[in-house]
Student: 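Please find one structure pasted underneath; my questions will follow.
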Amino acid sequence: MQTELSRKLGVEHAVFGFTPFPAVAAAISRAGGFGVLGAVRYTAPADLERDLDWIDAHIGDRPYGLDVVMPARKVEGVTEADVEAMIPEAHRRFVRDTLAKYGVPELAEGEAAGWRITGWMEQVARSQLDVAFGHPVRLLANALGSPPADVVARAHERGVLVAALAGSARHARKHREAGIDVVVAQGYEAGGHTGEIATMVLTPEVVEAVAPLPVLAAGGIGSGQQVAAALALGAQGVWLGSVWLTTTEADLHSPALTRKLLAAGSGDTVRSRALTGKPARQLRTEWTDAWDDPAGPGALPMPLQGLLVAEAVSRIQKYEVDALLGTPVGQIVGRMNSERSVQAVFDDLTRGFERAVDRVNRIAGRSGQ
Ligand SMILES: Cc1cc2nc3c(=O)[nH]c(=O)nc-3n(C[C@H](O)[C@H](O)[C@H](O)COP(=O)(O)O)c2cc1C
């Protein structure tokens with residue numbers, strides 16, 4: 001599964017893997033793909049430094065990338081406390097009441113909420129970049145919007161490629177104008193923040209819109225047949241996020257959540273604002289139902305919602321409250337039915353890809369070629 005882009009990056013397979021787990025990122029690159037570590041959870045630069053050191057020590061001579069959430073527009077002088085102060089009391093009460101209804105215990109005294117979405121803040125994302133540029137990161141991806149011009153310039157000075165996610169051809173053109181090198185066309189069926197256009201429709205639209213820039217197809221890809229389809233649509237590779245969540249290298253800290261993912265079907269996700277305030281695909285739970293219910297207060301805009309629910313999400317995860325327990329994941333969760341190593345996922349992808357190519361060759365009357 002080689003393309004011009006995979007050859008440029010020196011990887012065997014044009015399979016890019018987004019993951020919040022360093023061990024998974026390293027395993028993806030070791031298996032011949034391109035691992036990309038998600039940095040949004042790292043609010044302390046020292047933690048990111050530690051985990052990139054770990055990757056450097058365990059990845060051999062394989063390349064890898066980092067994904068940050070860097071806003072293109074600067075918001076000067078806004079602190080987390082300023083954002084907290086904007087949260088209405090009625091929303092805080094709704095969180096308290098919902099947790100009480102399900103009997104979710106409190107965190108221990110002094111125990112910090114594990115997942116605060118502050119990686120979106122300009123200063124946090126910039127401190128992540130300062131760390132990243134001290135490591136042999138080969139690709140920098142930006143989740144929400146085009147990265148600022150000075151960041152693109154800084155990456156290019158160091159020979160680092162810049163990628164950005166796009167949910168529409170219009171977004172993709174904006175990225176091209178911002179001088180980025182790779183567009184990730186992410187369809188509606190993807191886990192995490194998504195737009196409204198399906199991968200099958202979006203990929204060729206984006207390929208045409210930004211040609212000759214390379215495009216990676218993302219959203220709903222979990223088999224080699226789907227990789228073949230994406231490459232047939234003009235993509236130079238695929239970008240997978242969900243499938244790694246149930247690999248043996250992933251560290252979800254919750255056996256109950258792993259069980260839920262393995263049992264879920266492709267119809268068990270929802271695109272909800274419950275987690276961050278922007279539509280993000282995730283497991284449908286009674287928590288997402290509560291936020292999506294028109295009778296409730298509804299989610300606040302980003303970044304308020306993320307701050308509002310951070311502690312609640314930590315409590316739900318820590319105590320594995322089954323009815324409320326969820327995670328961002330895409331519709332491909334329907335075929336994530338067993339825990340496998342990252343290498344086993346790659347073996348399956350390459351086998352499926354070969355089968356798909358054989359099948360298409362037979363249909364085209366080219367068998368034996
Ligand atoms: C648990 C999870 C967290 C994600 N977080 C981010 C993120 O922080 N930044 C980002 O660029 N994309 C994020 N994504 C989206 C992935 O980068 C990727 O585009 C998406 O997972 C591809 O679709 P798939 O889920 O069908 O494989 C996340 C996806 C998942 C499943």
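As the structure lists them, so they are numbered: ligands from 1, and atoms in each ligand from 1. When a residue number appears, it is its place in the shown sequence, counting from 1.
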Student: Using a 4.0 Å heavy-atom cut-off, which part of N142 comes near ligand 1: side chain, backbone, both, or neither?
Tutor: neither
Student: Any atoms of ligand 1 less than 4.0 Å from a non-hydrogen atom of A143? List them with their elements.
Tutor: 9 (N), 10 (C), 11 (O)
Student: Kindly indicate whether a cation-pi arrangement holds for R158 with F133, taking the cut-offs as under 6.0 Å to the six-membered ring centre and within 45° of the axis.
Tutor: yes
Student: I want to know whether W287 and Y102 have ring centres closer than 6.0 Å.
Tutor: no
Student: In ligand 1, which numbered atoms sit nearer than 4.0 Å to a non-hydrogen atom of V40?
Tutor: 8 (O)
Student: Check each atom of ligand 1 against the heavy atoms of L240 and keep those under 4.0 Å away; list them by number with element.
Tutor: 27 (O)
Student: Enumerate the atoms of ligand 1 whose separation from the nearest heavy atom of Q186 is less than 4.0 angstrom.
Tutor: 15 (C), 16 (C), 18 (C), 19 (O), 20 (C)
Student: Taking only heavy atoms of W239 into account, list the atoms of ligand 1 that are under 4.0 Å away from them.
Tutor: 16 (C), 17 (O), 18 (C), 19 (O), 22 (C)
Student: State whether the shortest distance between N or O atoms of G191 and N or O atoms of ligand 1 falls below 3.5 angstrom.
Tutor: yes
Student: Which atoms of ligand 1 are found less than 4.0 Å from any heavy atom of G219?
Tutor: 22 (C), 23 (O), 26 (O)
Student: In terms of residue, atom name and distance, what is the protein heavy atom nearest to atom 6 (C) of ligand 1?
Tutor: F18 CZ, 3.1 Å
Student: Just by distance, no angles: are the side chains of T269 and Q331 close enough, under 3.5 Å, to form a donor-acceptor pair?
Tutor: no
Student: Partners of K318 by salt bridge (Lys or Arg N to Asp or Glu O under 4.0 Å), sequence neighbours excluded?
Tutor: E111
Student: Name the option, out of G220, A218, G330, that contains the heavy atom nearest to atom 26 (O) of ligand 1.
Tutor: G220
Student: Carefully, step by step, assess E49 and H135 under the rule side-chain hydrogen bond (donor to acceptor under 3.5 Å, both in side chains).
Tutor: CA-CA 9 Å; E49 188 79 61; H135 291 263; 2.7 Å; yes
Student: Distance under 4.0 Å to a non-hydrogen atom of S242: what atoms of ligand 1 satisfy this?
Tutor: 21 (O), 24 (P), 25 (O), 27 (O), 31 (C)
Student: Is the NZ or CZ atom of R281 positioned over Y188's six-membered ring, under 6.0 angstrom from the centre and within 45° of the axis?
Tutor: yes
Student: Which residues satisfy the side chain to side chain contact (heavy atoms under 4.5 Å, CB included) test with A263, sequence neighbours excluded?
Tutor: none
